[in-house]
Amino acid sequence: MPELPEVEIVKRSLFKMINKAKIIDVKIYNRNLRYKIPLTFRQSLIDEKFLKISRRSKYLIFYFRKKILLVHLGMSGKLLIMRESDNKIFKTSFYYDLNLIHKHNHIYFKLNNNLVLVYNDVRRFGFFKLYNTTKTDKIKFLKKLGLEPFSKKFNVKYFKEFTQKRKKNIKNLLMDQSFISGLGNIYVNEVLFMARIRPIRSCNDLSQHEIKKLISSTKKILKFSISKGGSSLKDFKNALGKSGVFQQFFYVYGRQNKNCSRISCKGKIKKILIANRSSFYCNKCQS
DNA sequence: ATAAAGTCCTGATAGC
DNA sequence: TGCTATCAGGACTTTA
């Protein structure tokens with residue numbers, strides 16, 4: 001899940017807890033993440049201080065004096081904070097609960113503020129890459145990304161220019177990180193529902209009105225989710241962090257065969273496969 | 001057993 | 001035919 005809203009919340013949490021902290025040790029239990037972590041990783045990070053933490057798309061960017069640590073959480077990556085005095089664990093986002101299996105804790109960053117930053121990832125699709133530069137335009141993963149959804153440049157003109165020669169369906173277009181970066185399979189479904197557009201529609205076949213609606217829905221859905229994540233941070237200290245809390249906000253994702261969330265709509269939510277990913281839409285109000 | 005939130009790579013296809 | 005852009009599908013991995 002970690003799509004843009006989840007990663008944004010991780011970033012905000014980490015900023016509060018570890019910004020300006022210094023790494024005093026790194027322990028790696030499994031180097032085999034998406035990209036193998038090199039043997040030099042530990043030594044290159046010891047004594048480095050977190051100077052800034054930012055997010056681009058679904059990537060976290062940790063800035064050090066002359067280095068950047070780029071982190072992607074893949075599908076199941078989680079960053080946790082552990083307090084050394086009592087080993088108490090703190091979540092950094094709302095998309096997971098604390099019933100984590102210890103053997104999937106792959107990396108520990110021991111900090112000088114009595115906290116340990118822990119990376120847990122069941123599927124190991126996430127990655128950590130360290131760069132000897134502080135310039136993000138040197139990093140290939142970031143260079144190829146399209147606009148941030150909240151950018152003012154994400155407008156009708158941009159949409160039309162990008163889709164002029166393309167005919168892929170609108171769902172896959174929104175999933176394409178070189179078009180708009182940050183949406184994943186869950187939020188794409190939610191956005192299309194809000195915009196009342198069927199996921200299989202061709203992207204160069206939308207009306208001006210539909211394009212406008214799609215753009216505003218994208219921004220709204222993401223903002224709403226960030227705000228929900230923000231408020232769920234209140235029970236940050238609740239070690240029983242309940243799973244599924246965020247899911248109650250989904251309009252269509254995972255709701256196949258259920259009634260449409262629009263009170264006035266009598267439609268049913270359908271589930272189909274598009275590019276091998278589950279796609280959900282209302283058969284009545286999305287056309 | 002089938003499916004899962006993400007991205008990269010490859011091979012196929014379309015169009016010039 | 002050849003080049004390029006685009007696109008779909010598979011691969012990666014572990015768990016429930």
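Just so you know, these numbers use all the heavy atoms, side chains as well, and skip hydrogens, waters and symmetry mates.
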Would you tell me if any nitrogen or oxygen in the side chain of R123(A) comes within less than 4.0 Å of OP1 or OP2 on dT15(C)? no
Have a look at F127(A) and say if it touches a base, only the backbone sugar-phosphate, or nothing, with a 4.0 Å heavy-atom cut-off. nothing
Strictly below 4.0 Å: does Q177(A) bring a side-chain N or O up to OP1 or OP2 of dG6(B)? no
Between dG9(C) and dA3(B), how many Å separate the two P atoms, rounded to a whole number? 15 Å
Rounded to whole angstrom, note down the C1' distance from dC7(C) over to dA5(B). 22 Å
Among dC7(C), dT14(C), dA4(B), the one nearest any side-chain atom of S278(A) is dA4(B)
For dA5(B) and R277(A) - does any side-chain N or O of the residue sit under 4.0 Å from the phosphate oxygens OP1/OP2? yes
NZ/NE/NH1/NH2 to OD/OE distance under 4.0 Å, K213(A) and E210(A): no
Which one, dC8(B), dT6(C), dG6(B), comes nearest to the side chain of M75(A)? dG6(B)
Per N185(A) side chain, nearest of listed nucleotides dA5(B), dG15(B), dA4(B): dA5(B)
Touch check for K58(A), heavy atoms < 4.0 angstrom, all strands: base, sugar-phosphate only, or nothing? sugar-phosphate
What's K140(A) touching, base or sugar-phosphate or nothing? Going by heavy atoms closer than 4.0 Å. nothing
Tell me whether the side-chain N or O atoms of R34(A) pair up with the base of dT7(B) as donor and acceptor below 3.5 Å, since no angle test is needed here. yes
Of the nucleotides dC8(B), dT15(C), dT7(B), which one has an atom closest to the side chain of H72(A)? dT7(B)
Phosphate contact (dA8(C) OP1 or OP2) by N276(A) side-chain N/O below 4.0 Å: no
If the cut-off is 4.0 Å, is K103(A) near the phosphate of dT13(C), judged by side-chain N/O to OP1 or OP2? no
To the nearest 0.5 Å, how far apart are NZ in K270(A) and NZ in K284(A)? 10.5 Å
Evaluate whether the aromatic ring of F125(A) and the six-membered ring of the dT7(B) base sit under 5.5 Å apart, centre to centre, with an inclination under 30°. no
